[in-house]
Structures are given as structure tokens and as C-alpha cells.
Amino acid sequence: MLLYVTFAVPFFLAFEEDDESDPPARGITGYDAWDLFLDCVFCFDIVLSFMTAYVHNGVYVSSLNHIAKNYFRGWFWVDAPGSIPFD
């Protein structure tokens with residue numbers, strides 16, 4: 001999925017015609033549905049990351065509070081901007 005997004009987003013931003021009409025007026029295309037699905041998957045990944053245990057000094061940490069602090073100190077700042085739909 002990530003490989004698809006890496007190439008598809010720049011391609012569609014560069015070559016897709018800018019249709020000013022509302023999506024219901026022009027209909028939902030297969031690409032629109034796929035794009036919405038991917039946005040939901042990436043947002044769900046963030047939610048899931050807040051509930052995924054991690055290993056610290058050889059011990060699994062499963063406290064949601066500690067998991068959230070660890071996630072905010074690391075990958076959250078990479079995941080969040082990449083998961084926000086901008087179109």
C-alpha cells in the first residue's frame with residue numbers, strides 16, 4: 001500500500017484534471033473509493049499503534065499510558081502527517 005501511495009499521489013496531483021464539481025455531482029470513481037479506503041487504513045494504523053506493546057530492556061510494556069508516551073516520542077510525528085488526507 002505504501003509503495004502504491006508513494007507513486008500514485010504525485011502522479012494524480014500532477015496529471016489529474018482539476019474538476020471543481022462536487023464528488024456526488026460527478027459520481028464516486030473507483031480511485032476515490034480506493035483513496036478513501038487507504039486514508040482509513042492509515043488512520044486506523046495510528047489508532048492501533050497506541051495499543052501495541054513495545055519492548056524496553058527486554059520486557060514487553062503494555063501500559064497504554066507508556067505506549068502513548070513512547071509513540072509520541074517516536075513514530076507518531078512521521079505517521080500523523082502522512083495519514084491526514086489533503087485533497
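- By the rule that hydrophobic residues join a cluster once side-chain heavy atoms approach within less than 4.5 Å of another member, V41 and W75 end up as members of separate clusters.
- At a threshold of 4.5 Å between side-chain heavy atoms, the hydrophobic network of Ile, Leu, Val, Met, Phe, Trp and Tyr places L64 and Y54 in one connected group.
- Distance check, rounded to the nearest 0.5 Å: CZ of F37 to CG of D32 gives 15.0 Å.
- If you chain together hydrophobic residues whose side chains sit under 4.5 Å apart, Y71 and V78 fall into the same group.
- Here the closest heavy-atom approach between residue I46 and residue A80 is recorded as CD1-CA, 3.7 Å.
- Shown here for Y60 and A53, the closest heavy-atom pair between the two residues is CD2-CB, 4.4 Å.
- Ring pair W77/F72 is tilted by interplanar angle, where 30° to 60° counts as tilted.
- Across all non-hydrogen atoms, the minimal contact from H66 to V61 is CB-CG1, 3.6 Å.
- Remark: D39 CG to W34 CH2 distance equals 11.5 Å, nearest 0.5 Å.
- More than 12 heavy atoms of other residues, nucleotides or ligands sit less than 6.0 Å from atom OH of Y4.
- In this structure, T52 and L48 approach most closely via the heavy-atom pair OG1-O, 2.7 Å.
- One distance of note links CZ of F44 with OG of S83; it measures 12.5 Å at 0.5 Å rounding.
- The distance between the ring centers of F11 and F15 falls below 6.0 angstrom.
- Closest approach of S49 and D79 over heavy atoms only: OG-OD2, 4.5 Å.
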